Protein chains: 2
Amino acid sequence: MPTAGQSGKTPPRGKRADAQRNEQVLLAAAAVFVNSGVDAPIRRIAAEAGVGMGTIYRHFPTRSDLVVAFYRHQVDACAQAGPTLLAEADSPFAALRAWVDLFVDFLVTKHGLAKAMQSDGGGFDALHAYFLDRLVPVCARLLDAAVEAGEIEPGTPPQELMRGVGNLCIGRNSDPDYDPRRLVALLLRGLRAG
Amino acid sequence: MPTAGQSGKTPPRGKRADAQRNEQVLLAAAAVFVNSGVDAPIRRIAAEAGVGMGTIYRHFPTRSDLVVAFYRHQVDACAQAGPTLLAEADSPFAALRAWVDLFVDFLVTKHGLAKAMQSDGGGFDALHAYFLDRLVPVCARLLDAAVEAGEIEPGTPPQELMRGVGNLCIGRNSDPDYDPRRLVALLLRGLRAG
DNA sequence: GCTGAAAGCGGAGCGCTGTTCCGTTTTGTC
DNA sequence: GACAAAACGGAACAGCGCTCCGCTTTCAGC
């Protein structure tokens with residue numbers, strides 16, 4: 001994937017050089033999300049980046065925007081894996097299962113991302129929206145294919161399945177005995193026709 | 001410094017009258033949980049009750065304790081419904097399904113309770129513990145009965161199922177289109193032997 | 001009744017958040 | 001180099017949980 005827009009010497013919309021620089025620095029500093037979770041204090045990220053609070057808010061009006069920017073390419077990779085899996089797997093349902101596994105892996109390896117994705121009152125609306133925008137269509141295609149192949153029953157909206165899977169992944173880090181994968185597997189089993 | 005020597009001041013088992021009164025007043029004020037969710041500011045509950053912050057923290061060291069005290073009888077009712085349903089339903093699996101429905105109803109009608117129950121970092125540990133203490137044994141008995149009747153596959157720990165169901169109920173209020181019941185039904189379907 | 005120690009109370013205060021606002025600095029252009 | 005616009009930095013404000021300690025209430029023993 002290309003690095004954030006500008007290659008060579010064409011600044012996209014006339015952003016100033018220092019602004020572009022700071023945006024990159026902020027994205028790099030957002031790596032604290034990896035270890036401290038997406039709830040890491042804004043001040044900390046600003047300090048990590050060596051910029052002031054004003055700067056961070058100007059570039060990313062909500063924490064959600066920063067999180068989206070930071071994880072965007074991973075979400076995109078997950079979205080792109082959908083069609084590939086559908087083409088290569090033994091059956092549409094197998095593809096769906098593999099894709100959901102990918103999604104679950106993504107969520108459980110990011111502290112608190114699943115929780116943040118629910119967006120209920122936490123100001124993570126942009127994150128929620130981005131996940132839905134990118135992944136629901138992919139999920140829909142996989143579901144449709146599986147329905148068409150007679151492997152699962154129709155009637156489950158993709159956004160509902162996504163939401164459910166996301167919800168099941170919440171709190172994995174707070175309880176090492178809890179493994180969302182087993183429950184997600186049960187959920188998918190419940191979809192099967194028969 | 002207390003002059004320790006007095007004749008037997010009996011340290012009474014019972015609390016002082018004003019303390020008992022305030023505890024009742026606080027429990028009544030905790031009704032703000034119903035409309036404002038379990039995240040309602042402590043200050044607000046204190047104000048509602050007409051007491052100071054110190055009082056509320058003395059009676060309920062964590063917000064979790066207050067929530068537990070407020071919803072305790074409803075949780076107990078849910079726990080007690082387990083054996084009843086098992087005795088009256090057509091089959092153990094039907095009883096399990098009915099009981100889970102009861103649990104889901106309880107969770108979705110309390111703003112944010114499901115989220116709080118996850119206890120990941122929110123200081124809701126006592127709430128989490130109480131739910132588990134009271135409901136996991138009930139769930140275990142229902143699961144065992146259904147396994148014994150050959151209706152579901154063995155291998156799902158009750159605490160995992162509880163957690164999964166609880167997780168699926170998160171955020172129902174933030175998205176009216178999301179209905180956890182359908183997904184919970186799928187999950188239970190996934191348990192079935194066959 | 002009184003009385004005084006212990007139990008309980010109240011809320012100011014601390015530390016931590018997110019977010020805004022505006023004087024100062026940097027940048028790019030003429 | 002000058003100058004306006006863009007961007008910056010962090011002090012300041014608001015809201016939160018929680019603690020701490022001087023003041024008030026209770027109640028057994030007289």
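Naming convention: chains lettered A, B, ... in sequence-line order (proteins, then strands); numbering from 1 in each chain. Since the structure is predicted, the reported quantities are computational estimates derived from the model, not experimental observations.
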Can you give one letter per nucleotide of nucleotides 17-23 of chain D, going 5' to 3': B for a protein heavy atom under 4.0 Å from the base, S for sugar-phosphate only, - for none?
BBBB---
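- The NZ-C1' distance, from B:K15 to C:dA6, rounds to 16 Å in whole Å.
- Here the P atom of nucleotide D:dC8 and the CG atom of A:D18 are 5 Å apart, to the nearest Å.
- The closest donor-acceptor contact from the side chain of A:T109 to the backbone of A:F106 lies under 3.5 Å.
- The phosphate of C:dC9 (OP1 or OP2) has a side-chain N or O of B:N22 nearer than 4.0 angstrom.
- We find that CG of A:L26 is positioned 14 Å from P of D:dA7, with the value rounded to whole Å.
- Put simply, A:T55 has no side-chain N or O that comes within less than 4.0 Å of OP1 or OP2 on D:dA7.
- Checked by distance alone, A:R16 brings no side-chain donor or acceptor within 3.5 Å of a matching partner on the base of D:dA7.
- When heavy atoms are screened at a 4.0 angstrom cut-off, A:R21 is found touching the sugar-phosphate backbone but no base atom.
- One finds a side-chain N or O of B:H59 lying less than 4.0 angstrom from the OP1 or OP2 phosphate oxygen of C:dC9.
- The CD-C1' distance, from A:Q20 to D:dA6, rounds to 13 Å in whole Å.
- For B:E23 and A:A17, each mapped to the nucleotide of DNA chain C holding its nearest heavy atom, the one lying further toward the 5' end belongs to B:E23.
- Two residues are said to be in side-chain contact when any heavy atoms from C-beta on lie closer than 4.5 Å; A:V38 and A:K110 fail this criterion.
- Under the 4.5 Å side-chain contact rule for hydrophobic residues, A:F131 and A:V34 share a cluster.
- Relative to the ring axis of B:F93, B:R192 places its NZ or CZ within 45° and under 6.0 Å from the centre.
- Both cation-pi conditions hold for A:R163 and B:Y178: the charged atom is under 6.0 angstrom from the six-membered ring centre and inside a 45 degree cone around its axis.
- Checking B:R181, B:R182, B:R172 one by one against A:E160, the salt bridge (Lys or Arg N to Asp or Glu O under 4.0 Å) holds for a single residue, B:R182.
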